[in-house]
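For reference, the structure is listed below as structure tokens.
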Number of protein chains: 2
Amino acid sequence: MRLVTGDDITAAEKRLDGRVVRTPLLDAPVLGEALGLRVAVKAENLQHTGSFKARGATNALLARAEREGMPAGLVAFSAGNHAIAVAFVGRTFGLPTVVCMPPGAVPAKVAEVRRLGAEPVFTDDLLATARSLAAERGWHLLPPFDDPDVIAGQATVGRELLADGPVPAVVLVPVGGGGLISGIAAAVKEASPATRVVGVEPDGANAMSHALRTGTPTPPVRPVSVADGLAAPFAGRHTLAHVRALVDEVVEVPEAAILPAWSDLIHATKLLVEPAAAVSLAALRAGLVELPSGGRAVLVLSGGNVDPSRLATLR
Amino acid sequence: MRLVTGDDITAAEKRLDGRVVRTPLLDAPVLGEALGLRVAVKAENLQHTGSFKARGATNALLARAEREGMPAGLVAFSAGNHAIAVAFVGRTFGLPTVVCMPPGAVPAKVAEVRRLGAEPVFTDDLLATARSLAAERGWHLLPPFDDPDVIAGQATVGRELLADGPVPAVVLVPVGGGGLISGIAAAVKEASPATRVVGVEPDGANAMSHALRTGTPTPPVRPVSVADGLAAPFAGRHTLAHVRALVDEVVEVPEAAILPAWSDLIHATKLLVEPAAAVSLAALRAGLVELPSGGRAVLVLSGGNVDPSRLATLR
């Protein structure tokens with residue numbers, strides 16, 4: 001399988017220029033002191049739509065427009081951040097947009113999709129409904145993660161974190177379907193092969209680890225995690241290939257370690273992040289990640305869209 | 001009374017270089033859309049110690065060291081952000097530090113003072129105890145707000161927000177004792193006299209408004225506010241003089257408007273801020289601030305040290 005190249009990433013950077021936020025890379029001395037190492041965070045919670053997903057969705061649409069012209073409308077399927085990102089992209093380019101969401105989707109996320117002008121369609125079979133809507137209407141289905149253009153868009157996170165600080169010894173990235181880590185690994189390994197790129201999954205939602213161990217993309221039990229943003233039902237083919245080729249390791253953190261790390265991460269950084277963004281801190285605390293001494297760690301904070309019911313549990 | 005000058009602020013910038021965070025000025029499109037104007041936030045919640053107070057305390061110590069040498073130790077009195085800032089400054093310069101705090105101080109803030117190596121002393125009479133400790137030990141009392149060096153330190157917020165974005169039509173600043181707005185007004189009015197500088201107080205803690213109306217710095221009723229960071233018992237002499245000379249207006253927001261604005265501010269910006277930082281949004285929503293059409297507003301988010309008990313009320 002063809003991996004995303006430096007040229008793909010450079011093309012994505014050009015497409016995204018002025019359309020996404022160059023999120024700050026922030027030193028996190030309080031975190032670093034607690035962990036005994038230098039830590040910075042890449043604050044993708046401050047991205048448009050509250051997560052990195054705006055990057056991949058924007059790049060995928062613009063790349064498709066270059067190849068085949070702008071589509072007449074957009075279709076997506078997602079319970080969460082990708083739904084919001086596609087609604088945002090649809091509004092940006094004036095395209096009618098429909099987002100297939102599960103009937104149990106968090107009301108705040110449905111409301112945000114609506115606020116951005118997209119139409120939510122509730123269905124238990126997200127993928128089939130999205131495909132049939134796209135076929136019926138002749139609209140373009142924007143994939144959530146398993147797509148080279150999406151991966152190249154997410155890779156711009158990696159380019160920025162290298163450009164905006166000293167070369168890190170290790171970059172830690174939350175893993176759901178694997179689009180973010182695939183892109184970041186492509187960007188980081190091209191420029192700094194010695195930097196370790198480590199993926200972190202909740203042990204309740206470990207499709208990528210399962211795929212790496214067994215070669216089967218779909219785990220036997222449907223993933224469920226307090227880090228809801230990471231509960232991808234399967235690892236992608238493209239993302240699995242990128243992780244195999246470019247990622248140093250993927251570790252699994254116990255579910256019970258995630259919410260305590262989440263509260264502490266918010267207090268230490270003063271950033272509102274979602275539980276998914278806290279799995280890297282949980283992994284560091286649990287001693288799951290090998291740390292080069294004296295090195296600097298960058299934690300990619302993937303998003304900040306917290307369910308209000310979850311917020312009430314913040315300590 | 002002599003006001004802080006551009007030279008004072010430039011000297012403060014040099015002292016603070018590398019010692020405080022140049023906090024990001026972040027566009028806030030979600031806020032701006034809701035308000036119908038362009039909005040950016042100056043994220044002082046991301047400052048060392050979680051509030052702007054680190055600036056003034058650092059500048060005041062270093063200015064005093066230039067005049068009279070480094071003191072043998074530091075004394076401060078504060079229930080909140082200034083306590084943490086002085087503990088931080090004491091640790092930075094290796095000075096023993098004692099902080100007088102009220103017996104009812106929030107445990108998390110007391111714990112942070114201790115974590116930074118300072119000694120909390122609990123007393124109902126903060127000022128008298130601090131003065132007598134400073135006299136007994138020969139240590140230096142770092143004032144919380146009513147001091148030209150503290151004001152010049154806070155002024156660096158104003159220099160940065162002008163340097164890092166387009167000239168704003170209006171800058172909104174939460175007002176407690178008035179140190180932050182005094183400094184920001186000095187910096188902003190020097191460079192951009194047409195930019196309106198507006199202070200915002202809770203109507204439950206309105207020492208500055210009371211002083212502007214009556215000339216008396218101490219209000220008849222002891223201030224109490226859900227924006228606890230703003231409950232200064234009196235307006236300073238220096239700060240009142242700065243506000244009179246340089247600030248366009250100080251508005252008072254109803255207490256009931258603060259916490260709803262606080263929740264929405266956190267969700268819209270993905271920044272953990274304290275209720276004090278939300279009074280400006282509350283004032284804009286309540287229509288209390290005259291807005292030049294087409295202009296850009298900068299909201300100074302003063303800090304992010306939220307009491308855990310308050311966090312549980314976040315919606």
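Just so we're on the same page: letters track the sequence lines, and every chain starts at 1.
Taking CG of B:Leu271 as the start and CD1 of A:Ile266 as the end, the distance is 11.5 Å to the nearest 0.5 Å.
Looking at B:Asn305, both its backbone and its side chain come within 4.5 Å of chain A, counting heavy atoms on both sides. For chain A, the nearby part of B:Thr269 is the backbone; its heavy atoms alone come within less than 4.5 Å.
In this structure, the side chain of A:Lys270 engages the main chain of B:Gly304 through a donor-acceptor pair within 3.5 Å.
For chain A, the option among B:His267, B:Arg315, B:His48 with the highest count of heavy-atom pairs below 4.5 Å is B:His267.
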